[in-house]
Every structure is written in C-alpha cells, then in structure tokens.
There are 2 protein chains.
Amino acid sequence: MRAGQGKGSEKSALRYQEIEAWLREIILTGRPGQALPSEVEIAANFDVSRMTARQAVLNLMREGLVDRRRGAGTFIAKNPLHRREGVLLSFSEDMKRRGLKPSSIMVSGKKEIATSEDRNALGLKDPSSVIVIKRIRLADGTPLALERVALLAQCFAVLDEDLENGSLHAGLRKIGFQPTLASGWLKARLATTQEARKLDLPSKSPLLVETRVIEDQNGVAIEYTETAYAANRYVVDIKLNCAPAVIAPFSAAPIAPA
Amino acid sequence: MRAGQGKGSEKSALRYQEIEAWLREIILTGRPGQALPSEVEIAANFDVSRMTARQAVLNLMREGLVDRRRGAGTFIAKNPLHRREGVLLSFSEDMKRRGLKPSSIMVSGKKEIATSEDRNALGLKDPSSVIVIKRIRLADGTPLALERVALLAQCFAVLDEDLENGSLHAGLRKIGFQPTLASGWLKARLATTQEARKLDLPSKSPLLVETRVIEDQNGVAIEYTETAYAANRYVVDIKLNCAPAVIAPFSAAPIAPA
DNA sequence: ATACTTTAAATGTCTATACCAATTCTAAAG
DNA sequence: CTTTAGAATTGGTATAGACATTTAAAGTAT
C-alpha cells in the first residue's frame, strides 16, 4: 500500500502525468480510431489504482485527444491533428502537439506606452507602461502568425530570456509568474499590407485573430496577447458536448450551507 | 454502505448531477468571486463521498463556471455571463444568451446530391443524397450569418418543421434524433460577392466560419453544418485553463501493452 | 503596528474496492 | 448458417479512507 505519492525525493512527476505522457506518445505515433489500452491495463502496467489511470485518460478526453465508448474502449480521436479545446496552449505547445517545430522571429521587445486596450485588459491606470513583444511565429519554418504581447511592466526580466527559440510562458515561470487561467476570443479581419508581407500572403488576406488575457497564480492579469493567424494555414478546433436538453429540473434540495 | 448508486427505482438522477444542478442554482443567483461550499461541506450536505462531490465541482470547472484555488476554495468564475465553451450552443441558444432575438430567412431546403465534404463528414458512400438547408441567420433583425446544413437523408421529416422561427435541433429531437456530441473547427475566409450581398457587407469582407459535425445518441454523424459569420459583427468567446507546465519529459516507461 | 509561527481548512493526489451499464465476443442452440 | 443467450471486457458511478500541498487566518513575539 502506498497512500499519497510517497516518493517525494523526485522533483514532482505525478503518476497520472506520467501516464498521460505515455499515452500522448502512443496517440502521436498511432492512427485515429486506434484503440488505446483500457483503464485496467494501464493500471496494471503502471502499478497504480484504476482511478489514477482513469484520471489520466479523462484529462486526455478533456483535451479532445481521445474518444471513449462505454463497453467498447478508448480510441484515438478522429482528427487529433488539429485539436484544441478546454486547454489553453501557448503557441509553442500548440505547434508541438500538431507535430510541427515552433520558432519565432523577434520583431521588437521593449517598454512602451500602454494602449487603451492594454490598460483595459490589464487593469492599468491612464498613463502606464507595458512590455510589448512582437514576434513572427513560425511552424516548421513557415510564417504562420503575427503576435503582439503586452506584459505588466514588472515582467521586464523576460526580455533577457531567449524568446526566439524558447517559450514566453516558460520564461515567465522562470521569473516567478505562473500563467494559470485565460479568457479569450476569436474574430476575423483582413491583413494590412505590412502584415500580409510579413506572413508572405497576398494583401487583404483574411486573418484569424485570437485575443486573450492571461492571469498569474494570484488572479492578476499579467498578459494581453493578440495572435493573428494566416487563415489559410490555421484552423482552431473545438470539441464539445451538445447543450443539455434541460437545465436540470430541481426539487427537494438539501439544506444550503451558510 | 451503499456501493453503486443503489436506488435504481428512480429514472436516472445521478448523485453528482443533482449536486451540479444545486451548485448551478447558487452560481446563477450569486456574484462572481463569491465562495462556494467546499467539497467536504457538499459531501456532508448530500451525504455522499467527497470524491462524488468533487466530480460535480470539477464538471463545473470544466465548463468554466467556477475557479478553484488549492488551499483557498472554489469560487464563482469572474465573467460567467459571456460563456460559450464546453457546451455547444445552437445559433438560437447562442443568440438568446447574448440577449439577442434570433430568427431566420429560409433560402432553400431540399434533397440534393452530397458534396465530397458532406460525404466525408457524414461517412457516406460516393453517390449519396443529403437534405440541404440554407438559411440566413438574423440577430435582432440584422443579418449575421449564412448557414448551410447537410443532414442525413433519413432526416427529411424536419423539412416539415418551422425552420424560420423554430430551432433545427428541436425539430430533430421531435423526429427522434438526439444531437449529443459535436466536433467543430473555426477558420476565416473572404466572402464571395453573393455572400457579401446576402449579409449586407462590402464584397471581400472577412467571414468567421464555424464548421461542425453533430452526432446523434448512437454516435452516428447526422449533421454537417457550415456557419459563416460576418466577422465584424461576431466574436467567439473561449474560456480556458492554461496548459500544463511541461509536456512531460519521459523516461523509464513501463512495458507497452500489446 | 510589523514580522514570524502555528494551525486549521481547502484542494490535489492516490489507494482499493464494489457494483452498474453498455458493448463485444463466444459458444450453444435452433 | 443464423440466432440467441451468456460471459468477458470496458468504461461510469460511488464509497471511505489516507496523505500532500497550498492558502488563509489566528496567534505570538518583536
């Protein structure tokens, strides 16, 4: 019996995360529709309880990487290539999952006066400065998106990190900020002439624009990002459960706590 | 001790669903940021194990309705108003949540030869027929989107329903199909001249295009829909949890199952 | 008042087990 | 050969605990 995680000596490898990583490997090399090991098999292989194996599989299901059918099994999702839902991925992580090599071309990175949108998103007062980072984002060497990041001024230390090959979020974690939650929205617009040139597109091409606000571990908005993807090269996937038939008719509720 | 769900006599009310409904009530009437009962309190109130209470709360977290902070507690999410995440909304339901009155102008609705995309999405053989419904979707009387729906031929009875004022999904449920799951994706493209005219836009305006495949209760794909929104009038919101810290460096993997 | 320590509370991880529900496979019966 | 009944498999729900980790509050000493 080994209640808790017991080990402690190792840095942090949680059991279900190990299992997740292992399954991700299988998914990456496997074919859509292919059956994955059952919960019982996973539990036996890793010498964990079935509930722990289950947690790993459910996490992958939440990400849309696998489909599950009761009685039948767990299968690699139909189109696990372009997936994305439930989990916010940084550009780097998003590309890695799609099997592409992410990189960046730094356009600029310095302190600037915050725009009204920056101030609104980050909750700043009227005359404020923010760290603005502009990058061209590449996948396997092909320009895919233009990114403009506005960070709180106290994050200036990230400018010392390698933002061409490394991940911005990794850099933020290194200096003590833990990106944890985000709200965002998607819209479409036309590329300006300069934008089209940077992305190697015909002028007035459509862009798929993702805007998002990211908070740190304390619920403070630290990052406001606009990423403009070349629409002909990028698709955002959503995997959803259909709206419930009813919002749950309710009766005989237990006593509400204080 | 009451392993399993025990009751059986009632139709189906699962414990964690009851708890979910109860919490939804609290969330609906409460303020953002407000603390919700802890897992232990919920478990005590409903006389269930903590893991069962936990499942309910985790489901709500998956929908972005609550935020959780380890050591602190569970709280009503910051902006539970503009949601659209985790739950697939039909155009009608989506508009209602945004406080707009949805309506439609029927363009056509008849049996047609399936395109290759229709066949691919619905899993049909080469020469096949599908029911194609084309509508202009309005919000408060303003044209917002163009919709093309391809349905399995055996759904032809929906053509008798009122598709200008009523919901297509409601019609499908009436004739015995229960839309339950969907995968979809978002992309952007330019409007054709005809499309721009129908949406009252300048030609070559950008469109935000949502494509989705919907399955019935048996996992059969029954609907393939493309909805092209006027990008200047429509935004898709997403609410997400941040990606896990690492993609998990991996070593010493257990033996892979057959 | 400020800074530190202790303590309680809350979520996170994990175990080991049980039964239910749906699916799939297999073997017996027709 | 087909059908059918049953067994085995697989995911879904649920229990009752244990320990870990983080946070916030209360208390204490400076």
Side-chain angles (χ1 to χ4, degrees), chain A residues 1-20 23 35-62 66-75 178 180-181 216-220 241 257-258, chain B residues 1-20 23 33 35-44 46-62 66-75 180-181 217-220 241 244-245 257-258:
Chain A
M1 215 189 303
R2 45 211 292 306
Q5 46 191 106
K7 345 175 68 173
S9 68
E10 305 268 327
K11 30 197 151 193
S12 72
L14 298 177
R15 303 297 272 133
Y16 73 91
Q17 286 179 349
E18 287 177 27
I19 298 171
E20 261 186 71
L23 289 171
L36 292 174
S38 72
E39 292 178 355
V40 176
E41 285 174 325
I42 295 171
N45 272 329
F46 282 82
D47 189 29
V48 296
S49 121
R50 190 188 138 206
M51 295 301 280
T52 302
R54 183 174 172 76
Q55 180 175 0
V57 180
L58 289 182
N59 284 343
L60 297 177
M61 183 177 179
R62 195 163 51 90
V66 301
D67 291 331
R68 316 196 78 194
R69 292 208 322 278
R70 178 192 213 155
T74 304
F75 308 88
Q178 177 78 36
T180 47
L181 204 98
D216 70 358
Q217 64 273 27
N218 303 316
V220 180
N241 296 324
Chain B
M1 219 192 292
R2 42 211 288 310
Q5 46 191 108
K7 343 175 69 174
S9 68
E10 305 271 327
K11 31 197 151 191
S12 72
L14 299 177
R15 302 297 273 132
Y16 74 90
Q17 287 178 349
E18 285 177 28
I19 299 171
E20 262 186 69
L23 289 171
L36 291 175
S38 73
E39 293 176 356
V40 176
E41 286 174 325
I42 296 170
F46 281 83
D47 188 31
V48 297
S49 120
R50 192 191 137 206
M51 295 301 278
T52 302
R54 182 174 173 77
Q55 179 174 0
V57 180
L58 289 181
N59 284 343
L60 297 177
M61 182 178 178
R62 197 163 48 91
V66 301
D67 291 332
R68 316 196 78 194
R69 292 208 321 281
R70 177 190 208 156
T74 305
F75 308 88
T180 46
L181 205 98
Q217 63 273 29
N218 303 317
V220 179
N241 296 325

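Letters A, B, ... are given to chains in the order of the sequence lines, protein chains preceding strands, and every chain is numbered from 1.
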May I ask you to verify if any side-chain N or O of [X] is less than 4.0 angstrom from the OP1 or OP2 atom of [N]?
X	N	answer
A:Thr52	C:dT15	yes
B:Thr74	C:dT11	yes
B:Tyr16	D:dT13	yes

Give the rounded distance in Å between these two atoms: [atom1] of [X] and [atom2] of [N].
X	N	atom1	atom2	value
A:Met51	C:dC14	CE	P	13 Å
B:Arg68	C:dG12	CZ	C1'	9 Å
A:Glu39	D:dG12	CD	P	7 Å
B:Asn59	D:dA14	CG	P	11 Å
B:Glu20	D:dT13	CD	P	10 Å
B:Phe75	C:dT11	CZ	P	8 Å
A:Leu58	D:dT13	CG	C1'	12 Å
B:Gln17	D:dT13	CD	C1'	10 Å

Set of salt bridge (charged side-chain N to carboxylate O under 4.0 Å, His left out) partners for A:Arg50, sequence neighbours left out: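 Partners of A:Arg50 by the salt bridge (charged side-chain N to carboxylate O under 4.0 Å, His left out) criterion, ordered by chain and then number, come out as A:Glu39.
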
Side-chain donor/acceptor contact of B:Arg70 with base of D:dT21 under 3.5 Å: yes

Polar side-chain contact A:Arg50-D:dG12 base: donor and acceptor under 3.5 Å: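 Such a pair is found, so the answer is yes.
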
Intermediate values then yes/no, side-chain hydrogen bond (donor to acceptor under 3.5 Å, both in side chains), A:Thr52 and A:Arg15: CA-CA 8 Å; A:Thr52 302; A:Arg15 303 297 272 133; over 6 Å; no

Nearest listed nucleotide, side chain of A:Arg54, among D:dG12, D:dT23, D:dT22: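 Among D:dG12, D:dT23, D:dT22, the one nearest the side chain of A:Arg54 is D:dG12.
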
Of the listed nucleotides D:dT15, D:dA14, D:dT23, the one nearest the side chain of B:Arg15: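 Output: D:dA14.
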
For the student: nearest non-hydrogen atoms of B:Ala43 and B:Ala53, plus distance: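 Taking every non-hydrogen atom into account, N-CB, 3.9 Å.
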
Spacing of B:Ile19 atom CD1 and B:Arg54 atom CZ [to the nearest 0.5 Å]: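 CZ of B:Arg54 is found 13.0 Å from CD1 of B:Ile19.
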
Side chains of B:Gln17 and B:Asn59 in contact at under 4.5 Å (non-hydrogen atoms): no

